[in-house]
There are 2 protein chains.
Amino acid sequence: MYAVTITDDQSLTLGEADTPEISSTDVLIEVKAAGLNRADLMQRMGMYPPPPGASDILGLEVAGVVSAVGDEVSEWAVGDRVCALLAGGGYAEFAAVDEGSVLPLPDSSSFAEGACLPEAMMTVWANAFLRCGLQPGESFLMHGGTSGIGVMGLQMAKLAGAGTIFATAGSQEKVDACVHLGADVAINYREQDFAEVVEAKGGADVIIDMVGGDYVQKNIAIAKPDGRICNIAYQDGFEASINFLPVLMKRLVITATTLRARPNDAKRDIRDAILDDFWPAVIDGTIKPMLDTTFGFAQAADAHEMLSTGGHIGKIVLVAD
Amino acid sequence: MYAVTITDDQSLTLGEADTPEISSTDVLIEVKAAGLNRADLMQRMGMYPPPPGASDILGLEVAGVVSAVGDEVSEWAVGDRVCALLAGGGYAEFAAVDEGSVLPLPDSSSFAEGACLPEAMMTVWANAFLRCGLQPGESFLMHGGTSGIGVMGLQMAKLAGAGTIFATAGSQEKVDACVHLGADVAINYREQDFAEVVEAKGGADVIIDMVGGDYVQKNIAIAKPDGRICNIAYQDGFEASINFLPVLMKRLVITATTLRARPNDAKRDIRDAILDDFWPAVIDGTIKPMLDTTFGFAQAADAHEMLSTGGHIGKIVLVAD
């Protein structure tokens, strides 16, 4: 099969790889579209190795058509239109994945749109809802409001009845997009101190952050009593000097998670929660995938360049010819 | 009434104060014994002011006899032997407290023993169980294993069916006490690197710490995947340089709480949980208060000196004549 491969100088090229074998609980998906994630950039640089047993091909989510199923697979059949969360292997003609990480692609969704959903929706659910327990009426701050995760975080928080929804973004165009997606207060962090704005409006019960570095203490400062702060990445660095006094006095929770290393059972639980709580809204169009740009698999390097530059709103997706 | 008061030079003396007035939901307790807590040392130094509305007299827990009840009090009657968690005011002849913060003193417990229980048991429950969700079979690290909190943490974790129970302490005598209280692995932190010992034995699912400073990163290092670390104080300092990479990769929770500033309803919930889950074990003697030394109220300064020096095992208590 074809696959995007990483050369010795860390550039990307369209090459060949063995079609993955499937276990008895796996489905094989003919990939029609593969969503990009920032983790792909790190993995390409050698900084985010795939977990044991996972493909070393890039790509954490795909949409496509089921082309084979393992003996024990009960949920899916050959020909089903699906999207899926992967531990790796999405930038390829075929990808194998446990059936519990697969979601049904709505009839109304294109493959490219479907590839925008699994990683973002499962990440938001696992962090804002499962880990942080976001409740109706609670205020919510989504950093990176127009990132792939951010556009889903804003829509899902809105649908779940969050109170004041804050978002940060880096341009006026992105601020406008955040408001369109459900933010009550969208802050251009290049022009305003987000912490001052959020503090002046009462603070946040739940904060989802991917910036880290200096943001860690700022998030602590603006969290409300019993607030929960969850990092899904630390793009500005894992190291920070922290004063824990407000953590103690406000009884805060500071946490961080990734999806990738979790066992299949945990991913299935998250998938099931998405299907119950949010998939009906995807089907009826209340929650919309936000697709910025598509590239062919042969243009994966250009797609990565665009993702690093950061001018996009929502997802960048590779699509098959 | 008499009360221990703080002089201008931060020394303690037995003086006079107004007997507290009670609200309709308060009980007035004639204090027979008042437990000491490290927070008292901080408050004496001006670093831990009482929350709004609380007495400015020291003392976060007492045992005694109910001497008056507010109009709406339904749980308690004059003459009841009780112990109670306070937001302040324990070092005095009388203390007022919401009826939901009061526990019945078992017939078998002296007042001095009863004054060892409320703050420690409620703190352990609020942190190890409510905030960190310690489950049967999970490994548990209790720092300061012979502190007032530690001696209860070890006994309550054991009773709740925790897996491997680790404790740290600062002398061989204290290490022996930790083992007696239920620790499977007790570590003299002056002789061994606790992190190496815990890591070699598989790590900890839940860690309760009051040290802070350098311990924060060490706790992160030895926490198991999905582990929870809760600080109830930061005796070595609130500031620490943290590398969050293992927090992300292991999906850890870092949190901290205090009881004092919580509203009465929250304290009542914690009290009720203690009554349901652990009070029967106090009554039948499975969980034992660990009383180190008693002092008269006029010797409060000596009691504080002993608490700061740290040679005790369990609680130091002031007792009425």
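The chains referred to below are lettered A, B, ... by the order of the sequence lines, with proteins before strands, and numbering in each begins at 1.
- Atom CE of A:Met249 sits about 10.5 Å away from atom OG1 of B:Thr257, to the nearest 0.5 Å.
- With chain B as partner, the option from A:Asn231, A:Asp226, A:Leu245 having the largest number of non-hydrogen pairs under 4.5 angstrom is A:Leu245.
- No donor-acceptor pair under 3.5 Å is formed between the side chain of A:Ser241 and the backbone N or O of B:Ser241.
- Within a 6.0 Å sphere centred on CG of A:Asp214, heavy atoms belonging to other residues, nucleotides or ligands number 12 at most.
- When heavy atoms are compared at a cutoff of 4.5 Å, B:Ile229 does not approach chain A at all.
- When each of B:Thr255, B:Ile242, B:Val253, B:Val247 is checked for heavy-atom pairs under 4.5 Å with chain A, B:Ile242 comes out on top.
- Both the backbone and the side chain of B:Asn243 have a heavy atom closer than 4.5 Å to some heavy atom of chain A.
- Taking all atoms of both residues into account, the shortest heavy-atom contact from A:Leu252 to B:Arg131 is O-NH1, 3.6 Å.
- For B:Leu248, the parts sitting under 4.5 Å from any heavy atom of chain A are the backbone and the side chain alike.
- When heavy atoms are compared at a cutoff of 4.5 Å, B:Arg228 does not approach chain A at all.
- Here the side chains of B:Arg251 and A:Asn127 are not in contact, with every heavy-atom distance at 4.5 Å or above.
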